[in-house]
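Within every chain, numbering begins at 1; the chains are lettered A, B, ... in the order of the sequence lines, protein sequences first and strands thereafter.
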2 protein chains.
Amino acid sequence: MARTDERFREAFNALLTICEGLKVGETLPSETQLAAKLEVSRTVVRSVLTRLDNEGVIQWEGRSKTLLRAPRKGDQLATREEGLSSEELEQRFLDWILRFDVPPGTPINVTELARNWNVQQHSLQEFLASLSRFSLVRRRKRGGWELLGFTSDFAIELSDFRTVLELNAVSKFAQLPDDAPIWADLKKLKQEHLELRDQIDTRFHDFSLLDERFHNTIGGVVKNRFTAEFQRVIALIFHYHYQWDKKDEQERNAAAITEHLRLIDALLTRDEPAALAAAKDHLVTSKQTLLASLGIHDFA
Amino acid sequence: MARTDERFREAFNALLTICEGLKVGETLPSETQLAAKLEVSRTVVRSVLTRLDNEGVIQWEGRSKTLLRAPRKGDQLATREEGLSSEELEQRFLDWILRFDVPPGTPINVTELARNWNVQQHSLQEFLASLSRFSLVRRRKRGGWELLGFTSDFAIELSDFRTVLELNAVSKFAQLPDDAPIWADLKKLKQEHLELRDQIDTRFHDFSLLDERFHNTIGGVVKNRFTAEFQRVIALIFHYHYQWDKKDEQERNAAAITEHLRLIDALLTRDEPAALAAAKDHLVTSKQTLLASLGIHDFA
DNA sequence: TTTTTGGTATTTAATTATTTGATACAGAGA
DNA sequence: TCTCTGTATCAAATAATTAAATACCAAAAA
């Protein structure tokens with residue numbers, strides 16, 4: 001029990017590396033400076049110094065910390081590898097829900113998931129708590145967590161919310177000054193759409209990625225942390241569904257390209273009402289596709 | 001260490017209460033039924049039955065559970081009282097930030113706050129994790145939590161986001177059918193605004209509550225879990241600021257009433273463009289008020 | 001004197017061992 | 001056949017514990 005000394009181990013190894021850059025007889029900087037350099041507290045620095053002194057790598061007395069011998073390979077302490085980052089965890093989690101069609105109401109086994117994904121239980125708990133703000137999971141009365149996600153209600157409300165955010169972005173986009181660098185990006189996107197349209201018979205799989213970039217470009221216009229947070233999750237969910245719903249993929253993508261181009265052209269001519277109308281139509285299509293893909297998976 | 005037997009204690013007391021409704025010699029229902037009734041697992045029911053058997057309250061052998069004597073007051077086990085609910089925790093937390101002007105970047109001492117508010121450390125951790133989705137707090141690299149909130153950027157982005165949500169709501173509102181019951185609510189709100197305007201000299205403090213109800217009515221038109229979640233937090237933050245910023249309160253509130261009335265009238269006449277324009281103006285005022293209360297006057 | 005550094009004490013946070021609680025399953029009894 | 005109990009296994013919550021951070025003070029150096 002009690003916390004691990006991972007921090008100590010990493011600091012120890014880092015300080016060894018610093019020692020490698022020194023000659024025998026040279027001295028190390030002050031505890032405070034070392035702490036700042038290694039990004040740990042002075043307490044850890046002092047434990048590391050004590051250990052190095054015991055191992056005979058340095059001689060430490062008061063302020064003098066003299067290198068006695070060059071560090072050897074065997075001096076390095078074993079560290080256990082890092083778990084997943086919170087972004088990777090998010091990916092994994094959505095992947096798990098969507099790929100295995102985990103139905104709403106399923107209890108979430110924190111122990112098992114943490115073990116499978118090689119993350120700390122604690123990290124997973126925290127992640128679930130943060131997801132609860134999106135109403136994807138909730139705490140059960142008798143303890144533990146429960147998956148709420150991907151009912152049709154959820155998908156409808158998610159789509160609606162996405163529409164609100166994206167129409168706002170389109171409106172902002174159309175009002176950008178003519179010298180904004182983003183217009184060049186948009187022209188490039190148009191070009192890529194045209195190319196993909198011409199080769200749609202063979203390259204229709206590439207649309208998913210282009211779609212993501214397209215919507216990111218639009219959404220990126222709004223510099224807002226709340227919007228950004230939501231759009232990240234929305235993008236993940238839509239993207240996954242497109243990825244796994246292979247029905248009519250080619251026609252769907254061809255149609256979407258046409259819709260994108262209509263929106264791009266409206267934006268390029270600074271025709272805000274036309275852009276909004278095009279965006280609205282496209283988002284309706286997206287919503288229907290998402291719902292259809294849920295129907296196929298036979299969600300309640 | 002290890003978890004508390006709170007669940008056992010509450011189930012024990014509850015079963016004692018059930019026993020009080022029985023006569024000596026009568027029998028209790030099956031374990032499964034008791035478990036359903038007490039809303040705990042069979043394991044807990046069995047522990048409770050074992051204890052009651054030991055105490056001589058019942059005789060338990062296989063399927064027969066016979067009441068031997070009426071329960072006495074002293075039989076009840078002591079339970080510790082409940083902590084705060086998650087809504088109360090949210091209130092407390094915002095109250096703490098806003099009232100004591102906790103500056104951005106402040107490290108959050110989980111141990112101390114949990115002690116002061118009499119909540120489990122674990123609950124507080126979970127709450128902070130959920131708040132991190134709103135970028136109000138974040139995990140620090142070296143461990144622990146850090147308050148991010150209420151910078152001018154935060155306030156501006158929050159206001160902008162609120163504007164997006166609220167304009168959408170106003171638009172939806174204007175398109176509601178004439179027989180929707182909400183029109184009556186709106187007329188009532190108008191009446192209350194008129195009354196408050198006439199008595200503004202003495203009752204200007206009452207505006208805060210009316211304002212909250214007004215925006216809830218507008219926002220409530222959109223049935224969307226994501227919107228709802230955000231509007232709850234937004235309302236809390238704006239409401240708190242109005243509550244503590246007493247500068248020019250009367251004029252501010254009088255002006256806001258006028259703006260509300262303009263929006264209400266536009267809605268009542270189903271004039272969507274006018275309603276949107278009125279809402280836009282009002283939200284700009286709100287944004288300025290929020291920023292002013294933060295002590296920020298110069299912003300783009 | 002002022003600033004920096006090191007020694008020491010105290011506080012806070014992360015983690016896990018342990019206990020409580022939930023649940024699955026087999027077999028007895030109605 | 002269905003319900004109920006006994007038993008075993010597994011998951012979840014939490015308190016104890018150790019690691020790490022920080023506050024404080026004195027002493028040394030600038």
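Put simply, NZ on Lys37(A) is 14 Å from P on dT5(C), counting in whole angstrom units. Summarising the geometry, the separation between CG on Asn116(B) and C1' on dT11(C) is reported as 15 Å, rounded to the nearest angstrom. As a whole-Å value, the separation of Leu28(B) CG from dC4(D) P is 14 Å. The interatomic distance linking Leu77(A) (CG) with dA19(D) (P) rounds to 14 Å, in whole Å. Here the C1' atom of nucleotide dG6(C) and the CG atom of Leu49(A) are 11 Å apart, to the nearest Å. A straight line from CD of Gln125(B) to C1' of dA13(C) spans 8 Å, rounded to a whole angstrom. Whole-Å rounding puts the Glu61(A) CD to dA28(D) P distance at 14 Å. Protein atom CD of Glu6(B) is 13 Å distant from nucleotide atom P of dA22(C), rounded to whole Å.
Note on Thr43(A): a base of the nucleic acid sits closer than 4.0 angstrom, heavy atoms only. Among the protein residues, Ile108(A) comes within range of the sugar-phosphate backbone only, with heavy atoms under 4.0 Å from sugar or phosphate atoms but none that close to a base. Among the heavy atoms of the strands lying under 4.0 Å from Arg139(A) are primed sugar atoms or P, OP1, OP2 only; no base atom is included.
The CD atom of Glu26(A) lies 14.0 Å from the CD1 atom of Ile58(A); values are rounded to the nearest 0.5 Å. Considering CG of Leu52(B) and CZ of Phe12(B), their distance stands at 4.5 Å, rounded to 0.5 Å.
For Arg42(A) against dG7(C), a side-chain-to-base donor-acceptor contact under 3.5 Å is present. For Thr4(B) against dT19(C), no side-chain N or O and base N or O form a donor-acceptor pair under 3.5 Å. Checked by distance alone, Thr32(A) brings no side-chain donor or acceptor within 3.5 Å of a matching partner on the base of dT4(C). Taking 3.5 Å as the limit, the base of dT19(C) and the side chain of Arg3(B) contain no donor-acceptor pair of atoms between them.
No donor-acceptor contact under 3.5 angstrom links the side chains of Glu61(B) and Ser64(B), judged on distance only.
Remark on DNA chain C: of its neighbouring residues Thr111(B) and Phe8(B), the 5'-side contact belongs to Thr111(B), judged by nearest-heavy-atom nucleotide. Nearest-nucleotide positions on DNA chain D for Pro29(B) and Asp5(A) put Pro29(B) closer to the 5' end. Each of Gln121(B) and Ser41(B) lies near DNA chain C, and the nucleotide nearest Gln121(B) is the one positioned closer to the 5' end.
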key: Residue pair Arg9(B), Glu6(B): steps toward the salt bridge (charged side-chain N to carboxylate O under 4.0 Å, His left out) verdict   = CA-CA 5 Å; Arg9(B) 287 164 177 276; Glu6(B) 199 55 25; 5.2 Å; no

ask   = Can you list the steps and then say if Glu146(A) with Arg140(A) is a salt bridge (charged side-chain N to carboxylate O under 4.0 Å, His left out)?
value = CA-CA 6 Å; Glu146(A) 172 187 343; Arg140(A) 284 191 306 169; 5.2 Å; no

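Which of dA22(C), dC4(D), dA21(D) sits closest to the side chain of Arg63(B) comes down to dC4(D). For Arg115(B), taking side-chain heavy atoms from C-beta onward, the closest of the listed nucleotides dA11(D), dC4(D), dT12(C) is dT12(C).
Both tests hold for Arg162(B) against Phe238(B): distance to the six-membered ring centre under 6.0 Å, angle to the ring axis within 45°.
An OP1 or OP2 oxygen of dG6(D) is reached within less than 4.0 angstrom by a side-chain nitrogen or oxygen of Arg46(B). Within the structure, a side-chain polar atom (N or O) of Asn109(B) is placed less than 4.0 Å from OP1 or OP2 of dA13(C). Within the 4.0 Å cut-off from OP1 or OP2 of dT14(D), at least one side-chain nitrogen or oxygen of Gln120(B) is found. Taking 4.0 angstrom as the limit, Arg140(B) places a side-chain polar atom (N or O) nearer than this to OP1 or OP2 of dT22(D).
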